[in-house]
Amino acid sequence: MNLFPLDPEPTNTQGSSTMVQRVAVIGAGPCGLTSVKACLDEGMVPTCFESSDDMGGLWKFKEVSEPNRASIYRSLTINIWKEMMCYSDFPIPADYPNYMHHSKILKYFRMYADHFKLLQHIRFQTSVKSVRQRPDFSRTGQWDVVTETRDGKEEMHVFDAVICCSGHFNYPNLPLKDFPGFETFEGKYFHSWDYKGPEDMYGKRVVVIGIGNSGGDIAVEGSRVAEQVYLSTRSGAWVIRQVSDNGLPVDRFNTRFVHIMFKLLPMRFLNWLGERKLNSLYDHTMYGLKPKHRLFSQIPVINDDLPFKILSGSVLVKPNLKEIRGSTVVFDDGSAVENIDMIVFATGYNYDFPYLPNNAVYKSGHRIGLYKHVFPPNLEHPTLAVVGFIHSDGAIMPQAEMQARFVTRVFKGRTKLPSNQAMIRAVEKDTRNIEKNYVTSKLTPIQVDFVEYMDDLAKDIGVRPSFLWLFFTDFSLFKRVLFGPVTAFQYRLMGPGKWDGARRAIFTQLDRMYQPMKTRKLDAQQVSTIGRLIKLSLTLMAGGGALYYVHVRNPTAIPNLLTKLRPQTV
């Protein structure tokens, strides 16, 4: 911890030796928008190329999926609490719901773009065909960018730097070859990327393959109209609720204090405690959900409705699909179901940056190797960056914003990077750590811890909050930073890009949580009683967890303490 409010400037020695002024941003989704703003904040001139006719990327709903573009379904609601997903200097309106429908998210992006005057820097209906190093790249670090307009007109541009924000939900993985006999299937099949709603499922018998968030959502929604839905999973999943204890958003409990406990307590104990909590709501073994991995080895599925659908029989959980025989599907356990009308593949996505040159892509294990998940480590100049290419237990918006702030500081030479060799070593070490701590594959190659990753980038930028400084100078804020949710506002309290409204945003974030719930007025006595019950519940939970940990470490400690406290008889 630092006594002073700002972390010292990093001592890394390699950075861009060129003067970056003109920056190409590829994609106007949540990552592209915040990258444009970060460029403007650092005095650079961004040009954002967006292939569609509107901003929003993934969150721009269209009735028909477009090739090589992310796609969502009509009913999609984000599974991240609004306070944990908003940008650090632009809170989501207080009256917006805690978990927002995609239409609300798009409205928020429009407000963000309007407020910071980003639209004038976006060229819609313009796709990027190629990004190549200029012949004098060794000297200038510049890039040739070829774009194509909707009417087929190509243009060549020269940029000092490029930020790739094209996302990683663009190329559906449809593994038909993994299911022998698929060519005999007589019904309809498609990837979850093509799913818009359950209209075609009325009265049908449906198999959904894959138990990620999309697979769970589609199985639940389809089960309301289908004759029967079968949810096939290779490895199972831990399922958590958005509506957590006392009806609060589950993200509300993602605090720095909890993060510190994760660093201090054994992971085996934390997995046991978390799994015990989830199984107290519904036994994952009995429901057929229990996975092969431990709770914190993979991002869990977030779905409040799936357990009830399983309990009511609307969704039947099955093992991996082994074989297809016409309209009959056979599973790994030998069971078979007949008269299947539809198969939905919720089988993830492949990753690609088709417009980049091969020498700009460094491979490390299953993943594209990027220093701090941002910079290719093998380029002569750090003038190419990727923003948003991560998976984590938090929302992409604040993480992409932090990446963009980091990128633009590097572009301007205000934050230095290590040597190429040091960056490659860091990438390889990171790959080993990911493979050690998480379940990875070619479809899920990257996972980061939200708080740890945000703090790491914030330290390099100089915006990580100093707990010791806050403790001595603003104890009320210190308590909220330590025990409150780790919202992005914390990274605007000090340092480059400091926002005067950050402190107030932190103090009022719980007010914004409660406001959309106040659609029925209660009298003061009722509110006071509810508040006391919530505080009592949280206190008992924390105390019970601490006592149990003490008991596990030393079973005699608590009985001995009670003996000492027992009143002595005369």
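Side-chain polar atoms of Thr383 and His381 form no donor-acceptor pair below 3.5 angstrom. Of the N and O atoms on the side chains of Thr147 and His157, at least one donor lies less than 3.5 Å from an acceptor on the other residue. Residues Ser88 and Trp499 have side chains that never bring a donor and an acceptor to within less than 3.5 angstrom of each other. Between the side chains of Glu83 and Thr487, not a single donor N or O lies within less than 3.5 Å of an accepting N or O. Side-chain atoms of Gln142 and Asp160 form a donor-acceptor pair, as typed in the model, at a separation below 3.5 Å. At a cut-off of 3.5 Å, with distance as the only test, a side-chain donor of Thr431 or Ser364 sits close to an acceptor on the other residue. Side-chain polar atoms of Gln490 and Arg256 form a donor-acceptor pair below 3.5 angstrom. Side-chain contact annotation: Ser214 with Tyr195, donor-acceptor N/O pair under 3.5 Å absent. Counted by atom type alone, Asn303 and Asn213 present zero donor-acceptor pairs between their side chains at under 3.5 Å. At a cut-off of 3.5 Å, with distance as the only test, no side-chain donor of Arg480 or Ser476 sits close to an acceptor on the other residue. Between the side chains of Tyr491 and Glu401, not a single donor N or O lies within less than 3.5 Å of an accepting N or O.
Judged by distance alone, with hydrogens and angles left aside, the side-chain atoms of Thr508 form no donor-acceptor pair with the main-chain N or O of Asp511 at under 3.5 Å. Of the possible donor and acceptor atoms, one in the side chain of Gln399 sits under 3.5 Å from a partner among the backbone N and O of Ala395. Side chain of Arg414 to main chain of Ile461: no donor-acceptor pair is present (N/O by atom type, distance under 3.5 Å, no hydrogens or angles). With hydrogens and angles ignored, the 3.5 Å screen pairs no side-chain donor or acceptor of Lys479 with any backbone N or O of Gly484. The backbone N or O of Glu435 lies less than 3.5 Å from no partner atom in the side chain of Gln447, so there is not a single donor-acceptor pair. A donor-acceptor pair is defined here as one N or O able to donate and one able to accept, closer than 3.5 Å; such a pair exists between the side chain of Asn271 and the backbone of Met267. A distance-only check finds no donor-acceptor pair linking the side chain of Lys117 to the backbone of Asp114 [under 3.5 Å]. Checking side-chain atoms of Lys196 against main-chain N and O of Ile72 turns up a donor-acceptor pair under 3.5 Å. Distance alone, capped at 3.5 Å, is enough to place a donor-acceptor pair between the Asn378 side chain and the Asn359 backbone. With hydrogens and angles ignored, the 3.5 Å screen pairs a side-chain donor or acceptor of Asp304 with a backbone N or O of Gln242.
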Next on the checklist: Set out, in order, the CA-CA distance, both residues' side-chain angles and the distance that settles side chain to side chain contact (heavy atoms under 4.5 Å, CB included) for Val374 and Val386, then state yes or no.
Outcome noted: CA-CA 5 Å; Val374 174; Val386 179; 5.9 Å; no
Checklist entry - Could you walk me through whether Ser71 and Asp194 pass the side chain to side chain contact (heavy atoms under 4.5 Å, CB included) check? => result CA-CA 7 Å; Ser71 175; Asp194 273 317; over 6 Å; no
* To do: Take Asp251 and Met85, measure what side chain to side chain contact (heavy atoms under 4.5 Å, CB included) needs, and give me the verdict at the end.
  => CA-CA 10 Å; Asp251 320 55; Met85 64 152 279; over 6 Å; no
- request: Take Asp245 and Lys277 through the salt bridge (charged side-chain N to carboxylate O under 4.0 Å, His left out) test and state the conclusion after the steps.
  value: CA-CA 11 Å; Asp245 296 337; Lys277 170 66 174 177; 3.1 Å; yes
Apply side chain to side chain contact (heavy atoms under 4.5 Å, CB included) to residues Thr34 and Tyr87 and explain how you reach the verdict. CA-CA 8 Å; Thr34 195; Tyr87 296 116; 3.7 Å; yes
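Annotation: salt bridge (charged side-chain N to carboxylate O under 4.0 Å, His left out) contacts of Asp393 (sequence neighbours excluded): none. Remark: Arg69 engages Glu50, Ser51, Ser52, Glu66 in a side-chain hydrogen bond (donor to acceptor under 3.5 Å, both in side chains) (not counting sequence neighbours). Residues passing the salt bridge (charged side-chain N to carboxylate O under 4.0 Å, His left out) test with Asp54 are Lys60, Arg110, sequence neighbours excluded.
The shortest side-chain heavy-atom distance between Leu33 and Met55 falls under the 4.5 Å cut-off. Looking only at side-chain heavy atoms (C-beta outward), Leu119 and Phe124 come within less than 4.5 Å of each other. Side-chain contact between Asp352 and His168 is absent, with no heavy-atom pair separated by less than 4.5 Å. When side chains are defined from C-beta on, Val427 counts as touching Tyr362, because their heavy atoms get closer than 4.5 Å. With contacts defined as side-chain heavy-atom distances shorter than 4.5 Å, the pair Leu295/Leu278 qualifies. A 4.5 Å side-chain heavy-atom check between Leu457 and Lys372 finds at least one atom pair inside the cut-off. By the 4.5 Å heavy-atom criterion applied to side chains, Phe159 and Val131 are not counted as neighbours.
Gly56 approaches Leu106 most closely through the heavy-atom pair CA-CD1, 3.8 Å. Scanning both residues, Tyr371 and Leu417, for their nearest heavy atoms gives CE2-CD2, 3.9 Å. Shown here for Ile163 and Cys39, the closest heavy-atom pair between the two residues is CD1-SG, 4.0 Å. Contact between Tyr355 and Val128 at its shortest, heavy atoms only, is CB-O, 4.0 Å. Here the closest heavy-atom approach between residue Pro291 and residue Trp238 is recorded as CG-NE1, 3.1 Å. Contact detail for Val250 and Ser244: the closest heavy-atom pair is CA-CB, 3.6 Å.
Between Glu452 and Lys263, at least one side-chain N (NZ, or NE/NH1/NH2) sits under 4.0 Å from a carboxylate O, which counts as a salt bridge. Salt bridge annotation for Arg492-Asp89: present, with a cationic side-chain nitrogen under 4.0 angstrom from a carboxylate oxygen. For Arg405 and Asp41, the salt-bridge test fails: no basic side-chain N is under 4.0 Å from an acidic carboxylate O.
Aromatic ring centroids of Phe169 and Tyr349 lie under 6.0 Å apart. Aromatic ring centres of Tyr73 and Phe61: separated by at least 6.0 Å. Ring centers of Tyr108 and Phe90: under 6.0 Å apart, within the cut-off. Between Phe389 and His373, the distance separating the two ring centers is not shorter than 6.0 angstrom. The aromatic ring centroids of Phe471 and Phe467 lie 6.0 Å or more from each other.
Other residues, nucleotides and ligands place no more than 12 heavy atoms under 6.0 Å from the CZ atom of Phe257. For Lys498, the NZ atom counts as loosely surrounded, since its 6.0 Å shell holds 12 or fewer non-hydrogen atoms of other residues, nucleotides or ligands.
Considering Phe411, Tyr453, Phe375 as possible partners of Phe406, the one that fulfils the ring-ring contact (aromatic ring centres under 6.0 Å, His included) test is Phe375.
Ring orientation note: the planes of His391 and Tyr351 are tilted relative to one another, at an angle of 30° to 60°.
Phe49 does not carry Arg123 over the face of its six-membered ring by the limits of under 6.0 Å from the centre and within 45° of the normal. A cation-pi arrangement is not found for Lys82 relative to Tyr96, the charged atom failing to lie both closer than 6.0 Å to the ring centre and inside a 45° cone about the ring normal.
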